[in-house]
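Protein chains get the first letters and strands the later ones, always in sequence-line order, with residue 1 at the start of each.
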Amino acid sequence: MKLVYFAWVRERIGKESETVALPPEVGTVAELLSWLRQRGEGYAAALEQPQVIRVAIDHEHVTHETRLPADGEVALFPPMTGG
Amino acid sequence: MKLVYFAWVRERIGKESETVALPPEVGTVAELLSWLRQRGEGYAAALEQPQVIRVAIDHEHVTHETRLPADGEVALFPPMTGG
Amino acid sequence: MAEPCQPRVRVQAEDFDAALEIERLTAGRRDIGAVVTFTGRCRDEGGRLAALELEHYPGMAEAQIRRIAEEAARRWALSGLSVIHRFGRLAPGENIVLVVAASAHRRAALEAADFLMDYLKSCAPFWKKEHLAGGGEGDWVAAKAEDEAALERWRK
Amino acid sequence: MAEPCQPRVRVQAEDFDAALEIERLTAGRRDIGAVVTFTGRCRDEGGRLAALELEHYPGMAEAQIRRIAEEAARRWALSGLSVIHRFGRLAPGENIVLVVAASAHRRAALEAADFLMDYLKSCAPFWKKEHLAGGGEGDWVAAKAEDEAALERWRK
């Protein structure tokens, strides 16, 4: 699974993107966020308030209840401030 | 009193403006419209539905109840279609 | 709130340039977050019209637009406001009216432009006569009840 | 109603020219009565900022703006719709975003531009980092609750 990060999520995690192999028990977006938080200080800081994290799968917004695809690009980012 | 006319009010009356001496009993805009209607066919056609006629005195909108000034420019016209 | 901005108002036969009017309101400004332009254009009404002839009441047209624009500048915190209204014979595709509203914030600029257009429609002394595509004069464009009704939105 | 218009969408570092984009939507058209432009610009926040750095999600940014623009084209009878969103470092006074909406009628053009700006604000994957006038980086601009609330206006 390719993960991409933006704005302060990217800054706190310390990388723009990475490819991870998810354990089988990680099935939803919410579970992905919980799993990532265990991966280190930067992840914990980025995801300490998971409810504010916005998520897109393959360029489409999804909710935290959404099931992850077998493959694809999952993006994590703060609330958007376009316009 | 100077009277000016616009759009179909002007076309029906057949002139752009005129100066009239009002009889003393013509004190309000409504009375002016009634008095003008007697002045000929064109006036009657222009003012047959006096309630749709919009009036300005010295470039400011007024109601039909407004008292006429001693002197000034009174404009009669149809509902506006600006913009 | 700061003093209301001084609106720029012009009534003219000539065309206008929206980009130039934006530039006039915004040049050198670092406090403007939103600029809205509204351009009203002449339509051919499905091929029926050759032109619109815009008659206006000289003097009152400018005074009245200024009153409307000053009311907008009192209601919303605007950095700048320009209104240009043309008169004379205008062909389909030609510009009729321009409103430019600049503000720190988007809602003020959008609402001010919306307000201006509603009031220009029903309260600025202009009248439109149709010239038909087949030649000859058509009717005077009638005011619409919905345009008068639109003013209610702003009476609060 | 006719087919919805095909929106033009661009995400780019370069500046844009509102007049050129108006021209692109309206050239040769005789059926357009109203053109609204909304330009969002970088503010210095009372002298506090030297610049905003706009980060975006390439690919998704354009796709997401297109989805929003297509929704606007379905909701309102538009003759044309263009959206351009910039990214990169932008100084106060520079343009950030442009929406141009053209329609036969003024209300459709105004509402579509209003809708677009509300949705771009909260739903387009851009993030703004402050660069301070004194040098150094400031904070990421936080999303405002009022921007999220503004979307409620369109849920009917």
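Residue Ala102(C) does not touch chain D at all, counting heavy-atom pairs closer than 4.5 Å. Neither the backbone nor the side chain of Ala91(D) comes within contact range of chain C, judged by heavy atoms closer than 4.5 Å. With a 4.5 Å cut-off on non-hydrogen atoms, Asp118(D) touches chain C through its backbone and its side chain both.
Remark: the backbone N or O of Ser79(D) is not paired with any side-chain donor or acceptor of Ser103(D) at under 3.5 angstrom. A donor-acceptor pair under 3.5 Å is absent between the side-chain atoms of Arg29(C) and the main chain of Gly93(D), judged by distance alone.
For the pair Glu70(C) and Arg67(C), the salt-bridge criterion is not met [side-chain N within less than 4.0 Å of a carboxylate O]. Remark: Asp114(C) does not engage Arg106(D) in a salt bridge, criterion side-chain N to carboxylate O under 4.0 Å. Salt bridge absent: Asp139(C) and Lys129(C) never bring a charged side-chain N and a carboxylate O closer than 4.0 Å.
Note on Ala113(C), Gly33(C), Gly40(C), Ala34(C): by heavy-atom pairs under 4.5 Å with chain D, the leading option is Gly33(C). In terms of non-hydrogen atom pairs under 4.5 Å with chain D, the most contact-rich of Val99(C), Asp31(C), Asn95(C), Ile32(C) is Ile32(C). For chain C, the option among Glu94(D), His105(D), Glu111(D) with the highest count of heavy-atom pairs below 4.5 Å is His105(D). Between chain C and the options Ala104(D), Ala101(D), Gly28(D), heavy-atom pairs under 4.5 Å are most frequent for Ala104(D).
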Show your working on side-chain contact (heavy atoms from CB on, under 4.5 Å) between Arg24(C) and Ser82(C) and close with a plain yes or no. CA-CA 9 Å; Arg24(C) 282 181 170 154; Ser82(C) 291; 5.9 Å; no
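Aromatic pair Trp127(D)/Tyr57(D): ring centres not closer than 6.0 Å.
Residues of residues 41-53 of chain C having a heavy atom under 4.5 Å from any heavy atom of chain D, listed by number: Arg41(C), Cys42(C), Arg43(C), Asp44(C), Leu49(C). Residues of residues 140-154 of chain D having a heavy atom under 4.5 Å from any heavy atom of chain C, listed by number: Asp147(D), Ala150(D), Arg153(D). Residues of residues 4-19 of chain D placed with any heavy atom under 4.5 Å of a heavy atom in chain C are listed by number as Ala18(D), Ala19(D).
His85(D) is linked by a ring-ring contact (aromatic ring centres under 6.0 Å, His included) to Phe126(D), counting only residues two or more places apart in sequence or in another chain.
A heavy-atom distance below 4.5 Å is found between the side chains of Glu21(D) and Leu98(D). Using a 4.5 Å cut-off on side-chain heavy atoms (C-beta onward), Glu130(C) and Glu137(C) make no contact. When side chains are defined from C-beta on, Arg75(C) counts as touching Phe115(C), because their heavy atoms get closer than 4.5 Å. Annotation: side chain of Thr37(C) is in contact with side chain of Ile22(C) (closest heavy-atom distance under 4.5 Å).
Shown here for Trp76(D) and Ala108(D), the closest heavy-atom pair between the two residues is CD1-CA, 3.8 Å. Nearest heavy atom pair, residue Val83(C) against residue Ala69(C), reads CG2-CB, 4.4 Å.
Once rounded to the nearest 0.5 Å, the distance linking CE of Met117(D) with OG1 of Thr39(D) reads 9.0 Å. To the nearest 0.5 Å, the span separating CD on Glu71(C) from SG on Cys123(C) amounts to 11.0 Å.
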